[in-house]
Every structure is written in C-alpha cells, then in structure tokens.
Amino acid sequence: MIYKNIAQIFICLTFIFCLSQGNAQGKPENKQPNIIFIMADDLGYSDIGCYGGEISTPSLDKMAEEGVRFPNTFNAGMCVISRSALLTGTWWPRAGYGAQNGENIAQKLKKEGYRTGLIGKWHLDGKPNDKGFDYFFGFLGGFSSYTRGGKDYRVNNTKFNDFGDDFYSTDAFSEQAIQFVKSSSQTNKHPFFLYLSYQSPHNPLQASKEDIMKYRGSYLKGWQSIRERRIKKQKQIGIINDDVLLPDYPMNLPEWDSLTEAQKDLEDLRMSVYAAMVERMDTGIGKLLKTLKTTGQDQNTLIVFLSDNGTDSFSVMDSVLLKRGLLPGDEGSNYQLGTGWAYASVSPLRLYKISQHSGGVRTGAIVRWPAGVANSNSIRKENLNLVDFMPTFLELAQSSKHVVTNQNLAGQSLVPLLKGETWQRQSPMYFQFMDNRAIRTNKWSLIEVDGNGWELYNVEKDPLETQDLSDKYKSRLAHLEAKWLDWWKTESGNESYQAESTSTSPHYKAQGDRGSGEPYIPSAMPDRLKGKYAIN
C-alpha cells in the first residue's frame, strides 16, 4: 500500500507514541502482556481453515497451531451490540447501543500503563480518541467502500482522504497495525493494547480481480457440497463430534441443483469475492505476526481472533446493482453474501447474522500467547462470551482488584483456561436483538427467532440445536423465560419486553429456517455482464 501523503501517517504515529509515554503509569520493567484483539466482521463460523473452511488462511491456521481454539465462543449477533459488549464487558442493553455507558477496555487499560490503539471500524458512540484510544486510523460508521474509502475516515480526529489508486482498506488496516506494533518496539517499558477491527468480509463484497479469479469456478459445486465438506473436516479436526445431530436443510433456501446456470454463475462469483476478502485479511494478519517476531514482541503478546457475529444472509441490493451493470467485486457495488453461502459459511450451525441462534452468535475464536498459553494446538469447548475479555485483560494487566470490586462486569476471567486449568461458566449467557432473543446455560438453550415463540434445546445432547423440546419441558421453558425477562428488565431498565419486528427494517428480513423465513431467490448473471469475471 502506497499512500500519497505517507508523512502524515508517520507524524501521527510519532505524536501518539510521545503521548503514550506521557500517559503511561506502568512500571518500567513489567511482565504485562501486549494485547491484540482482532475482530473480523460478519465472518462465518467455518470460513477459516482451522475451523473447517476451504479458504486459504495459513496465518490464522498457524495461530491455531501455536495457540488454543475456543469453538464455543459467543457474541451478540450483530455488529454494534457485539462491539458494545466487548469493549465494556457488560451486556449490551446496559452498555447502551454503541457502548454509550461506562468505561471501556481502552480506558481501563490506560490506567494500567497501556498504550492504546484502534485501527479499522469503530461503529460505536462518540469518537475513539475521546474513548480511551491514543491512536485511531479507520472509519467511524458501520461500513465503507474497500477501494474508495469514505467521508468518515479519520487519523485520530483529522479527516483522512488520501485514497490512492491502490487503496484497499484491509491492506491499509494491516499496514497501520504493523506500524503501531513497530513503534511500540522502540521501548519495552510499557505494554500496548491494539484493537484491530477489520471490515472484512462485511459488505460491500469487493476485492481485486486477481484475488477473485483464484477462487472463480471453485464454488460451482454449490453451498450444500461446501457445507458437507466443511462439516466432514470439522469432525476430523475435533470441532464437532462424529455422532452430532445436524440441522435440517433450511425450508427457505432452494437446493443448488434447482438453480439455472446463470444463477449458479453469479452465486459462484459472489462466494469467490468473499473468499478473496478473507484470504487478504489473513495475509495481513500474517505480516503482523511476522512483525511481532522481528521486533522481539512475539512471546509476550496475547492475540485474540474472532468474528463479531455470524454471516450476513441478506442480499437486499442485488436487483438495483444489476440494473447499474455492477457485479460482486466491482468498485462501487454493494453486494452481500446471501442466504445460500451464509448457510455454508456458518457450518454446522443454524441461522445467521442478527439471529440469536448459534449461526448468528457463535464464533470460532483463536487465542495465541506463547509466553502464557498452556497446551498449544488444543481445543477447549467451554462456553465463552465477548463479555469475558474485559475481566481477562484486566487480570492480566495486574488489576485483579478491579475484577473483584466492579460488579457491573457481566463476564468472568478466562485466565485459568489460558493456563490449561479447569473453568466453567458460572451464570447464563443472555442475548437479544430486535425480535430475536435467547438465554443459554451449560445444559439448555431457550431461543426465539423472528418473534415466533420460544424453542428449547438440551445442548448437552443436542449442541447444534436441532430438536425443539419446548412442548415437552414446559416448566423448564417457563423457568428460563422468567430468568431472561428478569435480565432484560435489569439490564435495559424497561419494565416489559416489546420486540421490534425485522419486517419493518429495510436491512433485514425474517430468517426462520423452518417455514417462517423470507425465501431466498438467487440472482442470475446477465448475459451482458458474464464476460467481466469469466471462468476460464
């Protein structure tokens, strides 16, 4: 990546480095780890190789080999509320939509002597530099063009518009992260916290033609075949058990063999662009890992990687874009992945982004920390949640007193897990977004999609939530429902629960996979456009 005004970037980096030295309160010689939290955006559960995917992700796969995989890590199912829960360590109704309330991780870690940086997508209330981050490069909103940037790009509080012909936001974020890490290596006196918030692979689906063509044609086998192959690999890896009950095929999704050749062609292109975007993010992460090693910061840097929610199953702009002559991958387009590939992307789970079923709220996490993680290349299946990272980071920053006294934190420290010790979730996990909600204990899941009523699952016997027991265990359902409602009243301050229907939103549609969901009708490749990304 070559910036037109690269001097501006280094001036800003120098400024925040000096600022961090003035703010740092840590001891000159300490063992506090550097912390890098990498969040992908709308990445599916099985997209990366170490979770079953066929997309080339050697850097993340290497991270898994050198670290620990946590396949039962839960988020909040949607960009803003996941980030609100992560940064505040509280359930999103208490944090407020956009993390409006309470101190965040950056603000707390600064008190422990950490230099703090945010690179990438913000999508929260206020501005990062006013919220505890010494340095910010990225955009303030929910999404932006990968190649053209946008009006809400900032370097700290200064507008950034230096988008050259070779600008690609994923590369820019990776390079900025590398510069942040390099500037930190100039001193070993103070640790850093870096929140690397990629937009990839959130819409718009955009990548270079060269990267797209690596995958073009490889998805003509269809989403059913891809899902089957991923599940087979997941069983081999140990992500899921061989005898696990698998969800039924979604009633609102046509079978691949029923599509026309033109529909298959456009769907193959759609997934090829998505795969190219994921691979490009992995390449940047690989460069960041290499930088940590060359600067001598590798051993004592804790890295967490996960996704903010499940895959985007919508495709609301297809007809408009096709009329304009735009295809997935094109500059100026804004395609989403759609229900078919979302079904493959979340393998082996049910449902997608905004749903509080596992496909929407479960992510495959990776934690790497050579100096602190026991049992590398292992898989731990305990139920984790985004709210657990705040108490974990505070404990590692030698602030255990804050963990004990701050009763507003919803999670519990994961440090015992990192050490290879026993750990168990002590309280339920709670979920809500629009007309989707859930409560999960170590044994039960009570979930609702599209306001259609509760579904109850025994996740000890049925971890993929396939067999609804709501009619069989009505007293259990009532008990869990009461706990959920008490949580909602306490956390939101509302005396009752009133669902907001997805049917009123221009962005979302009903997703129910058992007859209530909006049917997915794949778009077809127009004859006039099929030469753009022609399969050789």
K.L.:
Looking at every non-hydrogen atom in both residues, tell me the closest pair between D61 and C50 and how far apart they are.
P.N.:
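Answer, listing the atom of D61 first, then C50: OD1-N, 2.8 Å.
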K.L.:
If we check side chain to side chain donor-acceptor pair (under 3.5 Å) with R425, which of these qualifies: N442, T441, D388?
P.N.:
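So the option named by the test is D388.
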K.L.:
CZ of R362 to CG of L384: how many Å apart, nearest 0.5 Å?
P.N.:
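The distance works out to 11.0 Å.
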K.L.:
Starting from the C-alpha separation in whole Å, work towards a yes-or-no answer on side-chain contact (heavy atoms from CB on, under 4.5 Å) for F180 and F137.
P.N.:
CA-CA 10 Å; F180 186 90; F137 174 82; over 6 Å; no
K.L.:
Distance-only, no hydrogens or angles: does the R115 side chain make a donor-acceptor pair with backbone N or O of H190 under 3.5 Å?
P.N.:
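Here the side-chain-to-backbone pair does not exist.
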K.L.:
Indicate the atoms forming the closest heavy-atom contact of A106 with N104, along with that distance.
P.N.:
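Looking at all heavy atoms of both residues, the closest pair is N-OD1, 2.9 Å.
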K.L.:
Taking salt bridge (Lys or Arg N to Asp or Glu O under 4.0 Å) as the test, write out the residues that go with D41, two or more places apart.
P.N.:
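With neighbours one apart ignored, the set is R83, K121.
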K.L.:
Taking atom NZ of K221 as the centre, report whether more than 12 heavy atoms of other residues, nucleotides or ligands fall under 6.0 Å from it.
P.N.:
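Yes, the 6.0 Å shell around NZ holds more than 12 heavy atoms from other groups.
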K.L.:
I'd like to know if the side chain of N203 reaches the main chain of L205, judged simply by a donor and an acceptor atom lying under 3.5 Å from each other, with no hydrogens or angles considered.
P.N.:
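No, N203 side chain to L205 backbone: no donor-acceptor pair under 3.5 Å.
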K.L.:
Could you walk me through whether K483 and D486 pass the salt bridge (Lys or Arg N to Asp or Glu O under 4.0 Å) check?
P.N.:
CA-CA 5 Å; K483 288 182 73 68; D486 285 344; over 6 Å; no
K.L.:
Flag the pair R368 / F305 as yes when at least one side-chain heavy-atom distance between them is below 4.5 Å, and no otherwise.
P.N.:
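When only atoms from C-beta onward are counted, F305 and R368 do not touch, as no gap falls below 4.5 Å.
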K.L.:
Ring-plane angle category for W487 and W484, please: parallel below 30°, perpendicular beyond 60°, tilted otherwise.
P.N.:
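Ring orientation of W487 relative to W484: tilted.
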K.L.:
Do T466 and D462 pair up side chain to side chain, a donor and an acceptor below 3.5 Å, judged on atom types alone?
P.N.:
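Yes - a donor-acceptor pair under 3.5 Å links their side chains.
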K.L.:
Got a second to check how far M63's CE is from S59's OG, nearest 0.5 Å?
P.N.:
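If we round to the nearest 0.5 Å, M63:CE and S59:OG are 9.5 Å apart.
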K.L.:
Does R280 count as lying over the ring of Y168, i.e. NZ or CZ under 6.0 Å from the six-ring centre, within 45 degrees of the axis?
P.N.:
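Yes, cation above the ring, under 6.0 Å and within 45°.
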K.L.:
Return the CG to CD distance between N383 and Q424, rounded to the nearest 0.5 Å.
P.N.:
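CD of Q424 is found 9.5 Å from CG of N383.
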K.L.:
So which atom in A410 and which in W91 form the shortest heavy-atom distance, rounded to 0.1 Å?
P.N.:
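Reported closest heavy-atom pair: CB-NE1, 3.4 Å.
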K.L.:
Check the side chains of E54 and Y219 for a donor-acceptor pair under 3.5 angstrom, ignoring hydrogens and angles.
P.N.:
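A pair is found: one side chain offers a donor N or O, the other an acceptor, under 3.5 Å apart.
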K.L.:
Is it the case that more than 12 heavy atoms not belonging to K233 sit under 6.0 Å from its NZ atom?
P.N.:
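Check passes, neighbour count above 12.
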K.L.:
For residues 348-356, which side-chain N or O atoms pair as donor and acceptor with protein atoms under 3.5 Å away, sequence neighbours left out?
P.N.:
unit_1	atom_1	unit_2	atom_2	d
R350	NE	D513	OD2	2.9
R350	NH1	Y457	OH	2.9
R350	NH1	E465	O	2.9
R350	NH2	D513	OD1	2.8
K353	NZ	D42	OD1	3.4
K353	NZ	D42	OD2	3.2
S355	OG	H357	N	3.0
Q356	OE1	Q432	N	3.2
Q356	NE2	A76	O	3.4
Q356	NE2	I354	O	3.1

K.L.:
Would you find a donor on one side and an acceptor on the other, under 3.5 Å apart, between the side chain of T295 and the backbone of L292?
P.N.:
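Checked: pair present.
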K.L.:
Walk me through whether T116 and Y195 qualify under side-chain hydrogen bond (donor to acceptor under 3.5 Å, both in side chains).
P.N.:
CA-CA 8 Å; T116 59; Y195 174 31; over 6 Å; no
K.L.:
For the residue pair N34 and V181, establish whether any side-chain heavy-atom pair is separated by less than 4.5 Å.
P.N.:
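N34 vs V181: side chains apart.
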K.L.:
Would you mind reporting whether P71 and Y45 have side-chain heavy atoms less than 4.5 Å apart?
P.N.:
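Y45 vs P71: side chains touch.
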K.L.:
Pairing donors with acceptors under 3.5 angstrom, does anything connect the side chains of Q32 and Y114?
P.N.:
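Y114 and Q32 do not have a side-chain donor-acceptor pair below 3.5 Å.
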K.L.:
With no hydrogens and no angle check, just 3.5 Å: does a side-chain donor-acceptor pair link S347 and Y51?
P.N.:
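The criterion, which ignores hydrogens and geometry beyond distance, is not satisfied for Y51 and S347.
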K.L.:
If you count the non-hydrogen atoms of other residues, nucleotides and ligands that lie under 6.0 Å from OH in Y473, is the total more than 12?
P.N.:
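At most 12 heavy atoms, drawn from other residues, nucleotides or ligands, come within 6.0 Å of this atom.
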K.L.:
Within the distance-only criterion (no hydrogens, no angle test), does the side chain of S218 pair as donor or acceptor with the backbone N or O of Y215 below 3.5 angstrom?
P.N.:
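Yes: the side chain of S218 pairs with the backbone of Y215.
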K.L.:
Are F431 and I447 side-chain neighbours, meaning at least one heavy-atom pair lies under 4.5 Å?
P.N.:
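No, every pair of side-chain atoms sits at 4.5 Å or beyond.
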K.L.:
Can you name the nearest heavy-atom pair linking W92 to S84, along with the distance?
P.N.:
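Looking at all heavy atoms of both residues, the closest pair is CB-CB, 4.4 Å.
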K.L.:
Using every non-hydrogen atom in the two residues, find where L456 and L480 come nearest and quote the distance to one decimal.
P.N.:
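Taking L456 first and L480 second, the nearest heavy atoms are CD1-CD1, 3.8 Å.
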K.L.:
From Q107 CD over to F133 CZ, what is the distance, rounded to the nearest 0.5 angstrom?
P.N.:
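It comes to 8.5 Å.
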K.L.:
Would you say the side-chain atoms of T88 pair up with the backbone N or O of A99, donor to acceptor, closer than 3.5 Å?
P.N.:
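Checking the backbone N and O of A99 against the side chain of T88, no donor-acceptor pair under 3.5 Å is found.
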K.L.:
Quick check: does any side chain N or O of D312 sit under 3.5 Å from a backbone N or O of L337, one acting as donor and the other as acceptor?
P.N.:
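The answer is no, because no donor-acceptor pair under 3.5 Å joins these two groups.
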K.L.:
Could you check whether any side-chain heavy atom of N377 comes within less than 4.5 Å of a side-chain heavy atom of R69, counting everything from C-beta outward?
P.N.:
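Counting from C-beta outward, N377 and R69 do come under 4.5 Å.
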K.L.:
Would a 4.5 Å heavy-atom cut-off, applied to side chains only, mark L418 and V68 as touching?
P.N.:
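SC-SC contact between L418 and V68 ruled out.
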K.L.:
Between S197 and L118, which heavy-atom pair has the shortest distance, and what is it?
P.N.:
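Looking at all heavy atoms of both residues, the shortest contact is CB-CD1, 4.1 Å.
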K.L.:
Take atom NZ of K287 as the centre, draw a 6.0 Å sphere, and report whether it contains more than 12 heavy atoms from other residues, nucleotides or ligands.
P.N.:
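Counting other residues, nucleotides and ligands, NZ of K287 stays at 12 neighbours or fewer.
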K.L.:
Between L386 and L306, is any pair of side-chain heavy atoms under 4.5 Å apart?
P.N.:
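Yes, their side chains come closer than 4.5 Å.
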K.L.:
Roughly how far, to the nearest 0.5 Å, is the CG atom of L86 from the CG atom of N385?
P.N.:
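Going from the CG atom of N385 to the CG atom of L86 covers 10.0 Å.
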K.L.:
Taking T392 for the side chain and L414 for the main chain, is one N or O donor matched with an acceptor at less than 3.5 Å?
P.N.:
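Yes, because the side chain of T392 sits within donor-acceptor range (under 3.5 Å) of the backbone of L414.
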K.L.:
Just do the side-chain contact (heavy atoms from CB on, under 4.5 Å) check on I303 and L289 with the steps written out, would you?
P.N.:
CA-CA 10 Å; I303 307 175; L289 293 172; 3.4 Å; yes
K.L.:
With no hydrogens and no angle check, just 3.5 Å: does a side-chain donor-acceptor pair link S46 and R230?
P.N.:
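Indeed, the side chains of S46 and R230 share at least one donor-acceptor pair under 3.5 Å.
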K.L.:
Look at the rings of F143 and H202 and say which category their plane angle falls in: under 30° parallel, 30 to 60° tilted, over 60° perpendicular.
P.N.:
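F143 and H202: parallel rings.
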K.L.:
Between I105 and F37, does the side-chain contact (heavy atoms from CB on, under 4.5 Å) criterion hold? Intermediate values first, please.
P.N.:
CA-CA 11 Å; I105 290 177; F37 196 100; over 6 Å; no
K.L.:
Under the 3.5 angstrom rule, does the side chain of T339 hit a backbone N or O of S313 as a donor-acceptor pair?
P.N.:
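Yes, T339 side chain to S313 backbone: donor-acceptor pair under 3.5 Å.
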K.L.:
To the nearest 0.5 Å, what is the distance between OH (Y135) and CD1 (I119)?
P.N.:
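Answer for the OH-CD1 pair, Y135 versus I119, is 6.0 Å.
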K.L.:
Between Q206 (side chain only) and Y146 (backbone N and O only), is there a donor and an acceptor less than 3.5 Å apart?
P.N.:
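Side chain of Q206 to backbone of Y146: a pair is present.
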K.L.:
Kindly indicate whether the side chain of Q412, heavy atoms from C-beta on, has any atom under 4.5 Å from the side chain of W423.
P.N.:
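Side chain of Q412 against side chain of W423, heavy atoms only: contact under 4.5 Å found.
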K.L.:
Is the NZ atom of K182 crowded by more than 12 outside heavy atoms at less than 6.0 Å?
P.N.:
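Atom NZ in K182 is not crowded, with 12 or fewer foreign heavy atoms closer than 6.0 Å.
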K.L.:
Who are the salt bridge (Lys or Arg N to Asp or Glu O under 4.0 Å) partners of R380, not counting sequence neighbours?
P.N.:
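For R380 the salt bridge (Lys or Arg N to Asp or Glu O under 4.0 Å) partners, ignoring immediate neighbours, are E382.
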K.L.:
For the backbone of G49 and the side chain of T57, can you confirm whether one donor and one acceptor N or O come within less than 3.5 Å of each other?
P.N.:
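Such a contact is found between T57 side chain and G49 backbone.
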K.L.:
Assess whether side-chain contact (heavy atoms from CB on, under 4.5 Å) is satisfied between Y430 and T490, documenting all intermediate values.
P.N.:
CA-CA 12 Å; Y430 299 91; T490 300; over 6 Å; no
